[in-house]
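Reckoned from all heavy atoms, side chains included, excluding hydrogens, waters and symmetry mates. First listed ligand is number 1; within each ligand, the first listed atom is number 1.
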Amino acid sequence: KLAESLENTKVEQDGAIVVITMNRPKALNALNDQTLGELDRIFSCIETEAEVLGVIITGEGKGFVAGADISQMNGYGAEEGRNYANRAQTLFNKIEGLEKPVIAAVNGYALGGGCELSMSCDIRIASEKAVFGQPEVNLGLVPCFGGTQRLSRLVGTGIAKEMIFTARQIKADEAKAIGLVNKVVAPEALLDEAKAMMGGIISKAPMAVRYAKVAINKGVNMDLMNGLELEKDVAALAFASEDAKEGTAAFLAKRPAVFQNK
Ligand code: HXC
């Protein structure tokens, strides 16, 4: 029912994996209000669907997402700009905070808000055709869908500053070299690679993957000692799960584990 009402995004389910395709190719999938609203509804739905274990985001055509829709921002003042940033940040926080793994399969231009969208995902796989950049200063703007914060956390402040100050676009290989993407693959292999990686992830104990995601995401904003406390907390939760009993028993019995997500 949700899928039928979407204009700028496409949602397909392949077993326990949902593939979201950004689908406004005539504007290189630039994010307008409609698209942000659709993504928000999709992620609200995925949060509560127990049978969905992983999400892949990709784009139709030459673009992954070529940024926020510039035609919409033209004429914004301080208050509208802040509200806009707040709206997108809230959505990207929701994607980052989803307690299921999310892979960005970056097929093409991932600029501005598109690079920021990919950084709110857990893992980035790039096609050889992918292009990354934070070109906001070209427009007299600053990255504000999380770019100044997530890019520096991923690649360090020096490289983040260079990318943001110069607005330079980088290709997939360079993105891999700086740690912005995990893997570069041929364009035609992109979705299969993303599905294969996600298939591997969701074959593990889903609850353990979830706790690990929470520990990493929250821990990155903590000092080491508090992060280690958090790690003990999630470890205790994992030890208490049925899946931990199954996983360890299966290893000792030399048989494959059958996880129940409990
Ligand atoms: C609106 C966009 C767009 C965008 C592309 N298009 N990017 N429309 N917002 N961000 C539209 C073009 O206007 C054009 O529409 C169509 O998509 C195809 O784009 P072309 O420019 O013709 O394609 P090409 O020559 O291949 O160049 C590709 C490109 C270029 C290098 C990606 O489109 C580009 O530089 N786009 C802008 C990228 C950008 O600055 N993004 C950051 C935005 S700011 P028509 O109708 O002419 O065919 C941002 C953060 C905002 O994301 C935070 C502050 C609030």
Quick note on ligand 1: atoms under 4.0 Å from a heavy atom of C144 include exactly 53 (C), 54 (C), 55 (C)
Record the part of A68 in heavy-atom contact with ligand 1 below 4.0 Å; permitted values are side chain, backbone, both and neither. both
Evaluate the 4.0 Å heavy atom contact test for atom 46 (O) of ligand 1: does a protein atom fall under the cut-off? no
Protein heavy atoms near atom 13 (O) of ligand 1, is at least one of them under 4.0 angstrom away? no
Is the distance from the ring center of Y84 to that of F145 below 6.0 Å? yes
Given the rule that I, L, V, M, F, W and Y join up when any side-chain heavy atoms are under 4.5 Å apart, are I17 and I20 in one cluster? no
Salt bridge flag under 4.0 Å for residues E174 and R168: yes
Which atoms of ligand 1 sit under 4.0 Å from any heavy atom of L139? 43 (C), 44 (S)
Any nitrogen or oxygen of Y84 lying under 3.5 Å from a nitrogen or oxygen in ligand 1? Just yes or no. no
Polar proximity ligand 1 side, P143 side, N/O cut 3.5 Å exclusive: no
For the residue pair N226 and D223, confirm or rule out a side-chain donor-acceptor distance under 3.5 Å. yes
Protein heavy-atom partner closest to atom 37 (C) of ligand 1 - residue, atom, separation in Å: I70 CD1, 3.9 Å
Are R87 and D40 close enough for a salt bridge, meaning some N to O gap below 4.0 Å? no
Among all protein non-hydrogen atoms, which one is nearest to atom 50 (C) of ligand 1, and what is the separation to 0.1 Å? E136 OE2, 3.1 Å
Atom 28 (C) of ligand 1: any protein heavy atom closer than 4.0 Å: yes
So, K94 versus S120: side-chain donor-acceptor pair below 3.5 Å or not? no
Atoms in ligand 1 with a heavy atom of P135 nearer than 4.0 Å: 39 (C), 40 (O), 41 (N), 42 (C)
One finds that the ligand 1 atoms under 4.0 Å from a non-hydrogen atom of K62 are 23 (O), 24 (P), 26 (O)
Residue portion contacting ligand 1 (non-hydrogen atoms closer than 4.0 Å) for V131: neither
Using a 4.0 Å cut-off to any heavy atom of G67, which atoms of ligand 1 qualify? 52 (O)
E60 bridged to K26 by N-O distance under 4.0 Å: no
Exercise: do N23 and T21 side chains pair donor with acceptor under 3.5 Å: no
N-O pairing of E193 and K183 below 4.0 Å: yes
Taking distance alone, with N or O pairs closer than 3.5 Å, would you say L141 contacts ligand 1? no
Look at atom 35 (O) of ligand 1 and say whether a protein heavy atom is found at less than 4.0 angstrom from it. no
Which of the atoms of ligand 1 are close to L111, meaning less than 4.0 Å from one of its heavy atoms? 32 (C), 38 (C)
Return yes when at least one protein heavy atom is under 4.0 Å from atom 10 (N) of ligand 1, and no when none is. yes
For atom 40 (O) of ligand 1, is some protein heavy-atom partner under 4.0 Å away? yes
From atom 18 (C) of ligand 1, work out which of V65, V142, L28 has a heavy atom at the shortest distance. L28
For atom 48 (O) of ligand 1, which protein heavy atom lies nearest, and how many Å away is it? K26 O, 4.4 Å
Compare every heavy atom of N261 with every heavy atom of D243, then report the nearest pair and how far apart it is. OD2-N, 2.9 Å
Quick one: does G81 get a heavy atom under 4.0 Å from ligand 1? no
Please indicate whether any nitrogen or oxygen in A66 is less than 3.5 Å from any nitrogen or oxygen in ligand 1. yes
In this structure, atom 6 (N) of ligand 1 is nearest to the protein heavy atom A27 O, 3.8 Å
Any donor-acceptor pair under 3.5 Å linking the side-chain atoms of T9 with those of E38? yes
Do T90 and N93 have side-chain N/O donor and acceptor atoms under 3.5 Å apart? no
In short, C115 meets F132 closest at the heavy-atom pair SG-CD2, 4.2 Å
With a 4.0 Å cut-off, would you call E96 and R150 a salt bridge? yes
